[in-house]
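Below you'll find the structure, written out as structure tokens, and then a few comments.
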Amino acid sequence: MAPQAFQSEFVRTLHARGFVHQITDAEALDRASAEGVVTGYIGFDATAPSLHVGSLVQIMMLRWLQKTGHRPIVLMGGGTTKVGDPTFRDTSRVMMEGTQIAANIASIRTVFGRLLAFDDGPTGAIMLDNDDWLSGYGYLEFLRTYGPHFTINRMLTFDSVRLRLEREQPLSFLEFNYMLMQAVDFLELNRRAGCRLQMGGSDQWGNIVNGVELVRRLQEQQAFGLTTPLITTAGGAKMGKTAAGAVWLNADMLSPYDYWQFWRNTADADVGRFLRLFTELELDDIARLEVLPGAEINEAKKVLANHATALVHGREAADTAAAAAESAFVRGEVSSDLPTVEVARDQLQAGVPLPVLANQIGLTGSSSEARRLLQGGGLRLNDVTQTDVNRLVTLADLGPEGALKLAVGKKKIMLVRPA
RNA sequence: GGGGGAAUGUCCCGAGCGGCAAAGGGGGCGGACUGUAAAUCCGCUGGCUAAGCCUUCGCAGGUUCGAGUCCUGCUUCCCCCA
């Protein structure tokens, strides 16, 4: 079916913006979306206190779902996280404690408040936790109820299982059951909230299909699955990893400034694709931006950074980050919006070896790393490249604004103030 | 139950006759060149207020001046036989 032929705004939009990898029954989903409100869900792991940009594609789909007149469900995997999703993982995941999981869910929840409209209307978003039903099942009950609907023969054919076995890596029985739990999630959501659509990354296809089938068998109703392509950078790398670690969505784990920088540093070749996926700009505008020649493409990257940051952190934080970047990179000024760390005045009075200070404020991962950077000419104090490992930093290094600027490379910049 | 293999730097893959902070890649970071891009070239890629000290090769012991390397036991995985 050609993209233009889609009747529903929902399917048409996702298609046009590059979200769609596979759909279980595209025509039927399109029809259902054109006829009325479709309730759809995406499951999120609760292994960390924040989601990262790897989940952003999924989040954007929930936004579009709601924007185009349907109802999104955010399903937190409180129950499944106790088991650990083995899908396309080489090694088993560690099991997590309930209290930790609950804390993670609470933290993740804060991000969704800005991204989706949670209200009582027909398209109001809702958030659920699969622990609510999964932990309630008794073993025999679960086996009797759902066991008959799955065959080992079939389960072994799913790539997620097959590849693990082929690579001769262990797959525990616990993990093997993961796909059953995810299928049951879909069923429960169908019963509780009339959910008919599950979306996810392409690696979730097998799990999603299982859910679609379970709903069809037990509810005698057609359900849909939709997966996104794996989003990689033009360099072929999985998206969202930087030296500093994952690109978190929670501001307390990655500052809006760094988040803005992440998008600003997008490779030329990725700009158009990312604008379509991670902003809600009109496609016509994006088409204009992505073909900007040479260095002008940087304007498109700023637009991308502004919009992407505004979505997650708000307009104000995005503007602040953009302004800080402008002053730091374009004018080379010390901006108070740069990440700032306070250091005891006494310490500066006495003098601190530069590598020790760099490590102390978290600019580098270790003082040894700082030393190496220093020797390689990669560390600057107040914009002057330093090479002396024994350089002492003192109060004399403070600038007119009472702060000193430490930078690793061109992009990792921090301010130090005495306290 | 019996026999044979495997586990290496907390990103990954992977070499390693008893002298090892441990070859070589990939990835990442820094530098040069640029446009806060890509490509290319060069450097770095255990920790420590550091000419020194400390910790690393699945786990626990042992032999030795000295163990990733040899011996014993254990754990996990793979293969063959039953």
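Below, chains carry the letters A, B, ... as their sequence lines are ordered, and counting in each starts from 1. Values below: all heavy atoms of this structure, side chains included; hydrogens, waters and symmetry mates excluded.
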Counterpart base for B:G43, defined by Watson-Crick or G-U wobble contacts under 3.5 Å: B:C29
For B:U75, the Watson-Crick or wobble counterpart (both distances under 3.5 Å): B:A7
From [options], pick the nucleotide closest to the side chain of [X]?
X: A:Ser368; options: B:G47, B:A37, B:U36; value: B:G47
X: A:Arg372; options: B:C44, B:C48, B:A37; value: B:C44
X: A:Leu373; options: B:G30, B:G31, B:C48; value: B:G30
X: A:Trp260; options: B:U49, B:U36, B:G47; value: B:U36
X: A:Gln347; options: B:U49, B:A50, B:U36; value: B:U49

Minimum side-chain heavy-atom gap A:Val111-A:Asn250 below 4.5 Å: yes
Side-chain heavy atoms of A:Ile59 within contact of A:Phe44, under 4.5 Å: yes
Distance in angstrom units between A:Lys410 NZ and B:A37 C1', rounded: 12 Å
Residues within residues 280-294 of chain A bordering RNA chain B, heavy-atom distance below 4.0 Å: A:Gly294
Residues from residues 295-305 of chain A lying under 4.0 Å of RNA chain B - heavy atoms: A:Ala295, A:Ile297, A:Asn298, A:Lys301
Main-chain N/O of A:Leu65 paired to A:Thr68 side chain as donor or acceptor, under 3.5 Å: yes
Syn/anti label of B:C20 as read from its glycosidic torsion, with the cut at 90° from 0: syn
A:Glu141 atom CD, over 12 foreign heavy atoms within 6.0 Å: yes
Test: A:Glu299 and A:Lys302 ion pair at under 4.0 Å: yes
Check ion pair A:Glu290-A:Arg276 (N to O, under 4.0 angstrom): yes
Sugar-phosphate only, base, or nothing, as touched by A:Val408 at under 4.0 Å among non-hydrogen atoms: sugar-phosphate
Between the side chains of [X] and [Y], does any donor sit under 3.5 Å from an acceptor?
X: A:Trp133; Y: A:Asp185; answer: yes
X: A:Ser8; Y: A:Asp30; answer: yes
X: A:Gln182; Y: A:Gln204; answer: yes

